[in-house]
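The next block holds one structure in the form of structure tokens; read it before the comments.
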Amino acid sequence: MPYAIDLFSGAGGMSEGILQAGFHILFSSDINEQVEATYKNRHEQLGLIQNYNTHYERIDIRDLNGNFIMESIKKLEDTSIPDDPDIDAIFGGPPCQGFSLAGKRKQNDPRNFLFKEYLRLVDEIRPKYVIMENVEGFMTTKLYNFIGVKDDLYSGNQLITKILLAEFTKIGYKTLEPKILDASDYGVPQKRNRAIFIAYSPDFIAPKYPVATHRISRKIKVVDAIGDLISDSKKRKKYNPIKTTFQLESCNGRTRMISGSNLPPANKLLNHEFSKHEEYIVERFSLYKKGEDTSNLRKRISDKGISLKRKPHLLKLLSDQLSHVYNDDELIQIFRKGSASKEMIDILLTKKNNRKKLDPLSCSSTIVTLPDDYISPFENRTLSVREMARLQSFDDSFEFLGKRTTGGLRRRTEIPQYSQVGNAVPPLLSAAIAKEIFNAIEKGKTSG
């Protein structure tokens, strides 16, 4: 069984795929205590026991070094693990917020430099293979006067991809050409592009990128992923009369046990609590058509108008916010004719523009960390943590711990369940990549 290390592990999305591919994870780390709780709980479920056959360290990667990692591995009590095992692969995804296209990118964001720490650890440990993932925006980010692992200066503004490839060469690794992979091509019911970098020691066989397994008609749709989680039994019977293959695999589990079994019962659905919405919010959600986002809904209201009949709570909200200048009938007429002002539409929908009602017959859009960004296509509510986890391809037995959500300044330090899901690498994408690394290792054994 090949041995792996997972750095910047988060709640464990990458690790799930690594395990599904057949690796044994000897060491993993991250900095946050909420993701630590989720990660360690999951690995205990699977038989990965702290300091027996694996080690997890909550630590800032800048304070981590290769000697500590290897010493932690040497101290593992499982006698089946060699005293000084070869590390077949290091996986990791340095924090992506500094590179994300979803927000304002800052060239000097300190998170942009954590990939250098990742490279430093690769150089210290010398694994056979290295896999790094990041957001799509990583590919077009530039860094100014960057100083590499060996103190080489990259003067001026240079693409981070160019720097990364040069740095791998300087520490003695060959590289594949970086590639953007769409998770939906590998059985994940979500369109999610990730930048993937693969490096390997010249002494070993070059790996390959995984071939897409789910093109066009084979892609997993939203209804295929979460149709069985609809709370209304009549709607569930209408939209999802029988469980799909994806749903059955999620229920039964894709991730193998290392030893023992501490998994929850298959009929116990975890992390599937719903938010309690005010009645006017339920009515607001009902205005969206399937697959429609707020920007398009705003345009539809302005261009064609919309009916607010049988929306008493939204009408009251409008009347209260507009100082009771209009009665209900007048407001209904204004919105029906497409004559509503921007102020009125802002009150009706709020100023939030990136909310969307998912299309049940398509892949989900990219899952991020805010639960109110997505409306169920079947019921007028936001998604549960479990539904979001399904769209990321997590097994149902994977339990997310900590607060469900948080807000305000607490978001800077807390990583609640929704964020743990949204930040994760989809396990099935990770598994597709890790299987190719596993195959290269196996071929190397054969040819050797």
Side-chain angles (χ1 to χ4, degrees), residues 4 6 8-21 23 25 28 30 35 38-39 42 91-96 100-102 131-138 179-198 209-215 218-222 224-226 229 244-247 249-251 253-255 271 358 362-369 371 373-374 383-400 415 417-437:
D6 187 11
F8 302 104
S9 62
M14 179 77 89
S15 283
E16 286 290 292
I18 297 169
L19 294 170
Q20 289 173 21
F23 286 85
I25 299 172
S28 44
D30 207 293
V35 300
T38 294
Y39 189 96
R42 174 57 170 176
F91 296 80
C96 63
S100 178
L101 296 173
I131 302 86
M132 195 181 93
E133 68 81 35
N134 217 295
V135 291
E136 188 176 6
F138 187 92
K179 194 168 185 178
I180 292 175
L181 300 183
D182 180 353
S184 71
D185 287 340
Y186 303 95
V188 180
Q190 174 194 172
K191 182 171 178 57
R192 188 184 188 96
N193 287 338
R194 306 301 288 186
I196 306 299
F197 297 80
I198 297 177
Y209 283 104
V211 175
T213 55
H214 290 69
R215 294 287 194 190
R218 295 195 64 193
K219 288 186 185 291
I220 308 298
K221 306 177 185 67
V222 169
D224 298 330
I226 62 172
L229 301 181
T244 64
T245 299
F246 182 91
Q247 292 162 7
E249 289 174 348
S250 299
C251 294
R254 306 173 184 89
T255 306
N271 304 118
L358 298 179
S362 297
C363 291
S364 168
S365 50
T366 301
I367 292 296
V368 291
T369 60
D373 280 1
Y374 315 98
L383 301 180
S384 70
V385 172
R386 178 52 49 200
E387 287 170 317
M388 285 180 64
R390 279 275 190 94
L391 296 175
Q392 281 276 62
S393 73
F394 280 96
D395 290 353
D396 287 355
S397 59
F398 193 111
E399 183 176 12
F400 296 88
I415 304 183
Q417 294 173 18
Y418 280 107
S419 296
Q420 291 176 33
V421 176
N423 286 335
V425 179
L428 284 181
L429 173 60
S430 170
I433 298 166
K435 284 174 184 175
E436 289 298 329
I437 305 302

Could you measure the distance from the [atom1] atom of [X] to the [atom2] atom of [Y]? Nearest 0.5 Å is fine.
| X | Y | atom1 | atom2 | answer |
| --- | --- | --- | --- | --- |
| S184 | I220 | OG | CD1 | 10.0 Å |
| S364 | L391 | OG | CG | 4.5 Å |
| I198 | I437 | CD1 | CD1 | 4.5 Å |
| Q420 | F398 | CD | CZ | 8.0 Å |
| R192 | L181 | CZ | CG | 13.0 Å |
| T38 | I415 | OG1 | CD1 | 10.0 Å |

Work out which heavy atom in [X] is nearest to a heavy atom in [Y]; give both atom names and the distance.
| X | Y | value |
| --- | --- | --- |
| G17 | A434 | O-CB, 4.0 Å |
| P210 | Y186 | O-OH, 2.9 Å |
| L429 | V188 | N-CG2, 3.9 Å |
| A4 | F91 | CB-CE1, 4.0 Å |
| F246 | S393 | CZ-CA, 4.1 Å |
| A431 | A21 | O-CB, 4.1 Å |

Check: Y418 ring centroid to F400 ring centroid under 6.0 Å: no

Main-chain N/O of [Y] paired with [X] side-chain donor or acceptor, under 3.5 Å:
| X | Y | answer |
| --- | --- | --- |
| S384 | E387 | yes |
| N134 | A195 | no |
| Q247 | D224 | yes |
| Y209 | I196 | yes |
| N193 | V135 | no |

Verdict with supporting geometry, R194 and E136, side chain to side chain contact (heavy atoms under 4.5 Å, CB included): CA-CA 5 Å; R194 306 301 288 186; E136 188 176 6; over 6 Å; no

Passing option when Q190 is tested against Q392, K219, R390 for side-chain hydrogen bond (donor to acceptor under 3.5 Å, both in side chains): Q392

Option from H214, R218, R215 for which side-chain hydrogen bond (donor to acceptor under 3.5 Å, both in side chains) with D185 holds: R215

Are a donor atom and an acceptor atom from the side chains of [X] and [Y] found within less than 3.5 Å of each other?
| X | Y | answer |
| --- | --- | --- |
| N271 | Q417 | yes |
| S397 | R42 | yes |
| S15 | D6 | yes |

Beyond-backbone contact of [X] with [Y], side-chain heavy atoms, under 4.5 angstrom:
| X | Y | result |
| --- | --- | --- |
| C363 | K221 | no |
| S430 | E16 | no |
| L358 | S365 | yes |

D182 and K191 ion-paired at < 4.0 Å: yes

Positive for side chain to side chain contact (heavy atoms under 4.5 Å, CB included) with I18, one of I131, T255, I25: I25

